[in-house]
Amino acid sequence: MRTLVFATGNPNKVAEANQMLEVPFQILSLQDIDCTEDIPETSATIEGNALQKARYVSQNYDVDCFAEDTGLVVDALDGDPGVYSARYAGPARDAEANMNLLLNNLKGESDRSARFVTVIALIIDGKEYTFEGIAEGTIIHQKKGQQGFGYDPVFQPEGYKRTFAQMNAEEKNKISHRAKAVQLLNTFLQSY
Ligand code: IMP
């Protein structure tokens with residue numbers, strides 16, 4: 001079976017990808033190829049970061065691979081936190097601090113529209129492909145729910161009266177940005 005490296009340091013994401021992808025490829029982690037260094041993520045866009053990570057692994061390890069990057073894009077904040085979502089409130093990548101800063105920056109704002117954007121960049125047989133998944137929604141005024149991670153407690157997806165953090169993983173994974181991008185990758189690889 002051909003192998004495909006998922007360029008992420010997060011073993012949960014590799015496990016999730018192995019579950020979601022129904023493809024004739026074995027998905028390997030960075031640990032599987034002995035890549036332990038920090039992969040640069042310095043692009044100004046979500047797509048740029050996904051491509052940067054995939055190119056780094058493809059070029060340095062000579063493997064077929066894919067990488068993903070996700071950001072929360074808020075209209076009233078001119079697209080912030082966007083590509084800076086993980087470190088919005090500082091280098092500690094603290095989800096509570098990030099949400100508090102976001103709610104603070106949106107104080108008094110009536111336009112609460114936002115979207116999660118995931119881009120997966122795939123490099124296979126030397127060619128690059130990107131797949132984008134978007135979940136539209138709004139930023140509510142107070143955190144609600146205990147499940148999920150990151151900005152889930154303040155993000156209410158369109159058509160729902162609950163936040164991502166009030167949904168179980170199965171329910172969120174049916175409508176999430178990441179699930180949509182993974183589904184596009186799945187379809188592409190099935191007919192590759
Ligand atoms: P990363 O690209 O997975 O590192 O995510 C970038 C930032 O977006 C981090 O702050 C994550 O916590 C946040 N994030 C990514 N995916 C989700 C999600 O599905 N729900 C909530 N926050 C997310």
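Quick note: numbers below take in every heavy atom, side chains included, and nothing from hydrogens, waters or symmetry partners. Whatever order the structure lists them in is the order used to number ligands and atoms, beginning at 1.
Here the heavy atom of the protein found nearest to atom 10 (O) of ligand 1 is A86 CA, 3.1 Å. Protein heavy atom closest to atom 20 (N) of ligand 1, with residue, atom name and distance, is D152 OD1, 2.6 Å. Looking only at heavy atoms of the protein, atom 6 (C) of ligand 1 is closest to T70 O, 3.3 Å. Protein heavy atom in closest approach to atom 8 (O) of ligand 1: S85 CB, 3.8 Å. Atom 12 (O) of ligand 1 has as its closest protein heavy atom G150 CA, 3.3 Å.
Salt-bridge annotation for K172 and D152: present, with a side-chain N of the basic residue lying under 4.0 Å from a carboxylate O of the acidic one. The pair E171-R162 meets the salt-bridge criterion, since a charged nitrogen lies less than 4.0 angstrom from a carboxylate oxygen. A salt bridge does not link K53 to E68: none of the charged nitrogens lies less than 4.0 Å from a carboxylate oxygen.
At least one heavy atom of Y151 sits under 4.0 Å from some atom of ligand 1. Under a 4.0 angstrom heavy-atom cut-off, D69 registers as being in contact with ligand 1.
At least one N/O-N/O distance between K172 and ligand 1 falls below 3.5 Å. Here's the thing with H177: one of its N/O atoms is less than 3.5 angstrom from an N/O atom of ligand 1.
Counting only distance, with no hydrogens or angles, the side chain of N173 and the backbone of A169 share a donor-acceptor pair below 3.5 Å.
Below 30°, between 30° and 60°, or above 60°: for Y129 and F131 the angle between ring planes is below 30°, a parallel geometry. Note: F116 and H177 have parallel aromatic rings, judged against thresholds of 30 and 60 degrees for the angle between ring planes.
One distance of note links CZ of F66 with OG1 of T130; it measures 14.0 Å at 0.5 Å rounding.
Proximity annotation for atom 23 (C) of ligand 1: of F155, F149, Y84, F149 comes nearest, heavy atoms only.
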**Request:** Could you walk me through whether Y88 and N105 pass side-chain hydrogen bond (donor to acceptor under 3.5 Å, both in side chains), step by step?
**Result:** CA-CA 11 Å; Y88 192 39; N105 287 345; 2.9 Å; yes
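Only the side chain of K13 comes within 4.0 Å of ligand 1, judged by heavy-atom distances.
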